[in-house]
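Report on the structure given below.
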Amino acid sequence: MQVYLLIASNDIKSFQVPDLATVAHLTSVHGRYDTRIFLKECRSLAAAGHNVFLVVADGLGDEVRDGVTICDAGKSRGRIDRMLGATKRVKELGLQLGADLYHFHDPEMMPAGLALKRRGKCVVFDAHEDLPKQILRKPYLHPAFRRLVSGSMALYERYAARRFDMVVAATPFIRKKFVSLDVRSTDINNFPILGELESDAGWSSKQREVCYVGGISVIRGAREIVEAIGLSASNARLNLVGRFSDNVLATSLKRTSGWRKVNELGLVDRAGVRDILSRSIAGLVTFLPMPNHVDAQPNKMFEYMSAGIPVIASDFPLWREIIEGCGCGICVDPLDPKKIAEAIDYLVDNPEIARRMGENGRKAVYDRYNWDVEEKKLLALYDSLLRENNA
């Protein structure tokens, strides 16, 4: 039995660690219960027998949950501290664990990942999004500066990624990008946990409601879906679940005529999300056609499918291939509130068709788009990397 002493925020932290392979997930940005990082990856690794630490920077203290030891490096104080101070604190706290494998989740932590590699550590970068494309949609940057920063980060990302032991991509598209850069990469898709969002409530308990679950922002189509529910002729309401990206957007939406048909529900835990999905007839994921959206696989789309409700989604080629291929929803122009409203009305006014679409989506999740499949890939990857680094 090994004892690790972790020093953070002037406190000495002591954790007893059994003589098993120790892995550390590191994030200076995401919350400790992040769906991909904690609920899926960390818990799966712990259940498989790995000794799992998750180092975060949220100021909520240390805890052990579901076999995962969560270590807090202290809350960030603003964007600059998150990018510089928090990443350093998370890296230093992680180093004290002496892990066999380090798995980090934020682009801001690439320098920390390189520092870990220089110390001879096995390092995995989890690319949740396409970073250069993500930068291109930052509204607070001047367009010319966005292009400059995006190009610079593309070069740095390529340099860093080639030095890591593996890049885990959240989608096949991101994996293909890294493979084209001669980077070792595999995709671990962010598919739903089977049964997590299913409800025993039958279709007869549905309300004349549709839902949107996720970050509420302009680029995720918030303006269009609120306008669409206002245009809806079926007397449907919109269950709006999530946090607004900024107060200006919240204020402007609440002044629109469509807002009178919105149920503003705020942040909701996973059980609450399940209940909202159980009473909704369809789920909306009508992101705007931004560079980082067109080739993405939005987690919420698959969660709607897993809950057995049809999806109203942006008419992007990849999304259309999934939705039309499964027969589980309707694809629309995300910039056209009238088309979104028509899709809402069609599903609300045709409950039997909506029910069949929901069943098709749930079957597709059980057959293919589920975390059980991705968990096996993750565990096989870890076994391979640990063998390589212990050879």
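These numbers come from the heavy atoms of this one structure, side chains and all, not from hydrogens, waters or symmetry mates.
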Do [X] and [Y] sit in one hydrophobic cluster, given that two such residues count as connected whenever their side-chain heavy atoms are within less than 4.5 Å of each other, even indirectly?
| X | Y | result |
| --- | --- | --- |
| Trp319 | Ile344 | yes |
| Ile323 | Leu335 | no |
| Val210 | Leu265 | yes |

Student check: side-chain heavy atoms of [X] and [Y] closer than 4.5 Å:
| X | Y | value |
| --- | --- | --- |
| Tyr102 | Leu26 | yes |
| Leu194 | Trp371 | no |
| Leu249 | Val218 | yes |
| Val167 | Val124 | no |
| Ile174 | Asp187 | no |

query: Does NZ belonging to Lys176 count more than 12 external heavy atoms closer than 6.0 Å?
result: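 No, NZ of Lys176 has 12 or fewer neighbouring heavy atoms, counting only those of other groups under 6.0 Å.
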query: Counting only heavy atoms not in Arg243, do more than 12 fall under 6.0 Å of its CZ?
result: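 Open.
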Can [X] and [Y] be counted as having a side-chain donor-acceptor contact under 3.5 angstrom?
| X | Y | answer |
| --- | --- | --- |
| Gln297 | Asn190 | no |
| His128 | His105 | yes |
| Ser252 | Arg223 | yes |

query: Can you list the steps and then say if Asp66 with Arg43 is a salt bridge (charged side-chain N to carboxylate O under 4.0 Å, His left out)?
result: CA-CA 6 Å; Asp66 296 345; Arg43 292 201 313 171; 3.1 Å; yes
Indicate yes or no: does [X] engage [Y] in a salt bridge with an N to O separation below 4.0 Å.
| X | Y | value |
| --- | --- | --- |
| Arg274 | Glu196 | no |
| Arg208 | Asp349 | yes |
| Arg270 | Glu198 | no |
| Lys40 | Glu375 | no |
| Lys363 | Asp367 | yes |
| Arg355 | Glu359 | yes |
| Asp182 | Arg158 | no |
| Arg320 | Asp315 | yes |
| Glu92 | Arg89 | no |
| Glu264 | Lys254 | yes |
| Arg279 | Glu209 | yes |

- prompt: For Glu129 and Arg36, what are the C-alpha separation, side-chain angles and deciding distance, and is it a salt bridge (charged side-chain N to carboxylate O under 4.0 Å, His left out)?
  reply: CA-CA 12 Å; Glu129 296 189 86; Arg36 177 175 176 83; over 6 Å; no
- prompt: Using 30° and 60° as the class limits, which term best fits the ring planes of Tyr369 and Phe191: parallel, tilted or perpendicular?
  reply: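 Aromatic pair Tyr369/Phe191 classed perpendicular.
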- request: Could you label the plane-to-plane angle of the Phe104 and Phe125 rings as parallel, tilted or perpendicular, counting under 30° as parallel and over 60° as perpendicular?
  value: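 If you compare the ring of Phe104 with that of Phe125, the planes turn out parallel.
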task: Grab the two heavy atoms, one from Leu114 and one from Tyr156, that are nearest each other, plus how far apart they are.
output: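 For Leu114 and Tyr156, the tightest heavy-atom pair comes out as CD1-OH, 3.4 Å.
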task: Identify whether NZ of Lys or CZ of Arg in Arg163 sits under 6.0 Å from the centre of the six-membered ring of Tyr159 and within 45° of that ring's axis.
output: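 Yes, a cation-pi geometry.
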query: After noting the C-alpha distance and the side-chain angles of Glu63 and Arg32, does the key distance pass the salt bridge (charged side-chain N to carboxylate O under 4.0 Å, His left out) rule?
result: CA-CA 10 Å; Glu63 67 171 311; Arg32 61 181 56 207; 3.1 Å; yes
- prompt: Excluding sequence neighbours, so at least two apart, what forms salt bridge (charged side-chain N to carboxylate O under 4.0 Å, His left out) with Glu324?
  reply: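 Result, salt bridge (charged side-chain N to carboxylate O under 4.0 Å, His left out) vs Glu324: none returned.
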task: Apply side-chain hydrogen bond (donor to acceptor under 3.5 Å, both in side chains) to the pair Ser280 and Asn239, showing each step before the final yes or no.
output: CA-CA 8 Å; Ser280 299; Asn239 292 319; 3.2 Å; yes
